[in-house]
Amino acid sequence: MNLEFQQEQKRVDSVMEIIKKEINRLEEETSRRKSEVVNIRKHFWDEIKVNTDTFDDYLETIIGLRQEAQALSVNQSAHRHASKRLSTLGRMQVNPYFGRIDLIEEGTSTQEQIYIGISSLIDPNGEDFLIYDWRAPISSVYYDYQPGPVKYETPGGTIHGILEKKWQYLIRGGVLQSMFDTSLTIGDEILQQVLGKGTDKQMHNIVATIQQEQNRIIRHDQGKLLIVHGAAGSGKTSAAMQRIAYLLYKYRDRLNADQIILFSPNSMFNSYVSNVLPELGEENMQQVTFQEYLDHRLSREFEVENPFDQLEYVLTAANTSSYRSRIASIRFKASTRFFDAIKSYRQSLEVSGMLFQDINFRGKPIVTAQQIAERFYSHDPSLRFHNRLERLKDWLIEKINETQKVERNKLWVQEEIELLSNDDYHKAHRYLAKKRGFRKESIADYEIEPDALARLIVHQKLKPLRKRVRTFRFVDMKGMYKQFFTNSIKINDWIEGETPASLADICQVTLEMLDEGKLFYEDATPFLLLKELILGFQTNSSIKQLVVDEAQDYSPFQFEFLRRLFPAARMTVLGDFNQAIFAHASEMVDFNTLTNLYGPDETEIINIARSYRSTKPIIEFTRRLVPNGEGIIPFERDGERPVLKNVADHAELHSSVASKVADLRGQGFNSIAIICKSAEESLRAYNALSDIDEIKLLKSNSIEYEQGVVVVPSYLSKGIEFDAVIIYDASQDVYGDESLRRVFYTACTRAMHYLQLYSVGKPSPFLKNVLRDGFIQT
């Protein structure tokens, strides 16, 4: 063992000792703080003399309450910070740091050694940094530069210097296993070790292996929109998660995890990435799927189709009579033209077309829909649309109040009073007594007035009607969305440019679905937009950062909607157009169309071409499946070429798959995915392969990513990686249509170490060139 290695191990030992002492100190502090919090809560009211007899007594009580509440808050905050730091130090015990730069800053002659880890550590005297947080400004030098002139940005300005050397360490449990002097962004040895490992059920942080282009994404901090377009396996999602951690660190005085939302592709993906931020000592941001948001807003009004059901239809219903109309409908409703058409339609409602619902009470109208419409359009047209609705609401509340006065003298009210249970009568008695100013101890002295009780009965009966009016539920939103499609000729007034050739068919399939009380997935956002434009946008200004993963799955329409929904947020958008498998994909040819959201001055596009997930032979194969695939650069990691096996029928297929799974398990692969085109095919495969031990079927409602052997539809495997992938049936019968090329590519790119394809009969035409050029074994 050379002297330098011994010295570095001594430093590791010293750092580990400091970490251990700090852990011991914090364990004592957290224990003490916890006891103090429990004690304050337990004796909170013992310390406070509650007296409200005079104003001074009342003021003294308030001051006492505030002091106790403040003491509790201080102790809770201190306990929370200590616990968080304790958790971070626990992770640093496993791996205290992973890198070092030897830097001479401009204006100095001495070389400083900067050690970099997942969090900072200061020496016991509080004078020197033993470890710098990977997010600190100086740490960017480690990721961005080779030895030579360097610079980095600090709050105080730009610092220049000379990077003499860059070291990388592999430390496990306080033992220095290896160290490398490297002139690369990251030594291939460490990256090879990380990428060569098997997967587990969660994504982990990549701070020790961040590449230069990923670092650019993580630390990007200008403009309103960052677009990251990267090949499958290029580390887009990992970089986005580290980006969130970086922003929480840099803006820790004004940004917290609750002000960040990640829109993820499915619930299973949420589970998959849930570990990354806690590993870095940060709280998880809010995570939601776009479908969950739609369900939250619309499920009371409609049965809303989810995106996976829509995709399942696209993948399996090609032979049905309405298929072409539906595909045309999906594409049209995904476009910004349709977004503008909805806005134009809403504008036309200023003059005519607003639909309302009758306000009925006990089976009779208080005000008819026709009367409401007449009242709405009788207002001064120069009055803002929403102000006209507000005035309409106030008018309807007046009408309900008038009805209350008339109804309280009617016979039905007396009948209701007579039918009151003892419990309800006593509740009414207490309520009316309090209203008359009777104190608790004298309520029994109050004699209930028949007229007051009648008023209360009618008021309670009209309460749901008032709530309906105050929440504008008298506006017939369903009727107005239907009205848009009722006359395909009229739509020409609202659509800029040429209308789709199949517009009449689009209108018909939409109206049929609406008549059933259902909403196509492609109609959900447009319906919500129309509702917001009419009733007022429910914007969320508390969200400061919005991250959209698998962005190619979103339509331009949905992006426009998100921009309006989160007006104060900066947006980070991640995707890969080679994985654009939804039917609306043709409406967004590439991410350049998104520059219209905030304008080119507020937008930056970062392209990352290098793919790290798969072995070089797998990437050499997959990049030949898509146009422009030659731009994808494989990382130099050896492995076997993908294998294609032709089988005569499904019986032979299932026998071969079962045998291959046993073989892969024998090789030590933890996660093996049998990927099918659709959920329909997945269910058939799962039933046929049920003899495989502990095999699982992943569905669109699966909450947690499962390890082991899973059968999964292509579209649910997105964003997740597996040690080995088996393409269930890569035949022409299953993947024969050109529209499925991206689906096929997406499925194949899930494999990290091994890729096996089966074909029942003639293979897919997508494999023709790779077979000819020898990029796949047969």
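Residue numbers start at 1 and run along the sequence shown.
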Exercise. Less than 6.0 Å separating the ring centroids of Phe537 and Phe561?
Worked result: yes

Exercise. Would a 4.5 Å heavy-atom cut-off, applied to side chains only, mark Ile674 and Val657 as touching?
Worked result: yes

Exercise. side-chain hydrogen bond (donor to acceptor under 3.5 Å, both in side chains) between Arg297 and Tyr293: does it pass, once the steps are laid out?
Worked result: CA-CA 6 Å; Arg297 295 294 308 277; Tyr293 173 75; 2.8 Å; yes

Problem set entry | Side-chain heavy-atom pair Ile260, Ile543 within 4.5 angstrom cut-off | no

Exercise. For Pro617 and Pro642, which heavy atoms make the closest approach, and how far apart are they?
Worked result: O-CD, 3.7 Å

Problem set entry | Closest contact, heavy atoms only, Phe485 versus Leu511 | O-CD1, 3.6 Å

Exercise. Between Pro265 and Asp549, which heavy-atom pair has the shortest distance, and what is it?
Worked result: CD-CB, 4.5 Å

Exercise. For Ile695 and Val710, what are the C-alpha separation, side-chain angles and deciding distance, and is it a side chain to side chain contact (heavy atoms under 4.5 Å, CB included)?
Worked result: CA-CA 6 Å; Ile695 191 169; Val710 296; over 6 Å; no

Seminar exercise, completed: When Phe582, Phe308, Phe744 are each screened for ring-ring contact (aromatic ring centres under 6.0 Å, His included) with Tyr715, the one that passes is Phe308

For this session: Just do the side chain to side chain contact (heavy atoms under 4.5 Å, CB included) check on Leu664 and Tyr754 with the steps written out, would you?
Result: CA-CA 9 Å; Leu664 293 169; Tyr754 187 86; 3.6 Å; yes

Exercise. Any side-chain heavy-atom pair from Phe559 and Thr336 closer than 4.5 angstrom?
Worked result: no

Exercise. Do NZ/NE/NH1/NH2 and the carboxylate oxygens of Glu550 and Lys236 come within less than 4.0 Å?
Worked result: no

Exercise. Are Phe527 and Tyr481 near enough that their ring centres are under 6.0 Å apart?
Worked result: yes

Problem set entry | For Ser764, all residues meeting side chain to side chain contact (heavy atoms under 4.5 Å, CB included), sequence neighbours excluded | Tyr735, Phe766

Problem set entry | Point-to-point distance, once rounded to the nearest 0.5 Å, from OG1 of Thr603 to CG of Asn596 | 8.5 Å

Problem set entry | Presence of salt bridge, Arg326 and Glu305, under 4.0 angstrom | yes

Exercise. When you measure from the side chain of Gln552 to the backbone N and O of Asp576, does any donor-acceptor pair fall under 3.5 Å?
Worked result: yes

Problem set entry | Qualifying salt bridge (charged side-chain N to carboxylate O under 4.0 Å, His left out) pairs, either residue in residues 672-690, two or more places apart | Glu680-Arg684

Exercise. Between Phe635 and Tyr612, what is the ring plane arrangement, given parallel below 30°, perpendicular above 60°, and tilted in between?
Worked result: tilted

Seminar exercise, completed: Checking Leu262, Leu226, Ile261 against Val547 for side-chain contact (heavy atoms from CB on, under 4.5 Å), the one that qualifies is Leu262

For this session: Apply side-chain hydrogen bond (donor to acceptor under 3.5 Å, both in side chains) to Glu640 and list each qualifying residue two or more places apart in sequence or on a separate chain.
Result: none

Exercise. Is the closest basic N to carboxylate O distance between Glu560 and Arg564 below 4.0 Å?
Worked result: no

Problem set entry | Phe484 and Phe338 aromatic centres sub-6.0 Å | yes

Problem set entry | Any side-chain heavy-atom pair of Tyr598 and Met571 under 4.5 Å | yes

Problem set entry | Ser344 OG to Ile495 CD1 distance, which is reported to the nearest 0.5 Å | 9.5 Å

For this session: For residues Tyr521 and Gln558, report the shortest heavy-atom separation together with the two atoms involved.
Result: OH-NE2, 3.3 Å

Problem set entry | Closest non-hydrogen atom pair between Val709 and Arg665, with its separation | CG2-NH2, 3.4 Å

Exercise. Would you call Arg613-Glu721 a salt bridge at under 4.0 Å N-O?
Worked result: yes

For this session: For the residue pair Tyr554 and Phe263, categorise the inter-ring angle as parallel (less than 30°), tilted (30 to 60°) or perpendicular (more than 60°).
Result: perpendicular

Exercise. Is there side-chain contact between Lys718 and Thr746, with heavy atoms separated by less than 4.5 Å?
Worked result: yes

Exercise. How far apart are the C-alpha atoms of Tyr345 and Gln483, what are their side-chain angles, what is the distance that settles it, and do they pass the side chain to side chain contact (heavy atoms under 4.5 Å, CB included) test?
Worked result: CA-CA 10 Å; Tyr345 173 50; Gln483 183 175 254; 2.8 Å; yes

For this session: Give the C-alpha distance, both sets of side-chain angles, the deciding distance and a yes or no for side chain to side chain contact (heavy atoms under 4.5 Å, CB included) between Thr572 and Arg243.
Result: CA-CA 10 Å; Thr572 302; Arg243 172 170 169 73; 3.0 Å; yes

Problem set entry | Over-ring placement of Lys518 relative to Phe302, 6.0 Å and 45° cut-offs | no

Exercise. Run the side-chain hydrogen bond (donor to acceptor under 3.5 Å, both in side chains) check on Arg610 and Ser234 step by step: do they pass?
Worked result: CA-CA 6 Å; Arg610 189 175 295 276; Ser234 56; over 6 Å; no

For this session: Return the minimal non-hydrogen interatomic distance between Val647 and Ser656, and the atom names on each side.
Result: CG1-OG, 4.0 Å

Exercise. To the nearest 0.5 Å, how far apart are CG in Leu716 and OG in Ser700?
Worked result: 6.0 Å

Exercise. What residues, two or more places apart in sequence or in another chain, satisfy side chain to side chain contact (heavy atoms under 4.5 Å, CB included) together with Thr778?
Worked result: Leu644, Leu771

Exercise. Is it true that a side-chain atom of Ser611 and a backbone atom of Ala232 form a donor plus acceptor pair closer than 3.5 Å?
Worked result: yes

For this session: May I ask you to check if Arg624 and Phe775 form a cation-pi contact, with NZ or CZ under 6.0 angstrom from the six-membered ring centre and within 45° of the axis?
Result: yes

Problem set entry | CA sep, side-chain torsions, deciding dist, call: Lys660, Asp663, salt bridge (Lys or Arg N to Asp or Glu O under 4.0 Å) | CA-CA 5 Å; Lys660 177 52 69 176; Asp663 176 42; 3.5 Å; yes

Problem set entry | Non-neighbouring partners of Arg300 that pass side-chain hydrogen bond (donor to acceptor under 3.5 Å, both in side chains), sequence neighbours left out | none

For this session: Step through it carefully: locate the ring centre of Tyr728, locate the ring centre of Tyr758, and say whether they are under 6.0 Å apart.
Result: no

Exercise. When rounded to the nearest 0.5 angstrom, what is the spacing between CG in Leu311 and CG in Asp553?
Worked result: 8.5 Å

Exercise. How about Leu757 and Val643: do any of their side-chain heavy atoms sit closer than 4.5 Å?
Worked result: no

Exercise. Do Thr595 and Ile605 come close enough that some side-chain heavy atom pair is under 4.5 Å?
Worked result: yes

For this session: Taking side chain to side chain contact (heavy atoms under 4.5 Å, CB included) as the test, write out the residues that go with Leu683, two or more places apart.
Result: Asn687, Leu697

For this session: Report the C-alpha separation of Gln310 and Asn306 in whole Å, then their side-chain angles, then the decisive distance to 0.1 Å, and conclude whether the side-chain hydrogen bond (donor to acceptor under 3.5 Å, both in side chains) test is met.
Result: CA-CA 6 Å; Gln310 184 204 68; Asn306 71 51; over 6 Å; no

For this session: State plainly whether the residues Asp523 and Lys333 are in salt-bridge range, i.e. N to O under 4.0 Å.
Result: yes

For this session: Decide yes or no for Val314 and Ile330: does some side-chain heavy atom of the first lie under 4.5 Å from some side-chain heavy atom of the second?
Result: yes

Exercise. Once you round to the nearest 0.5 Å, how far does CD of Glu522 lie from OG of Ser335?
Worked result: 12.0 Å

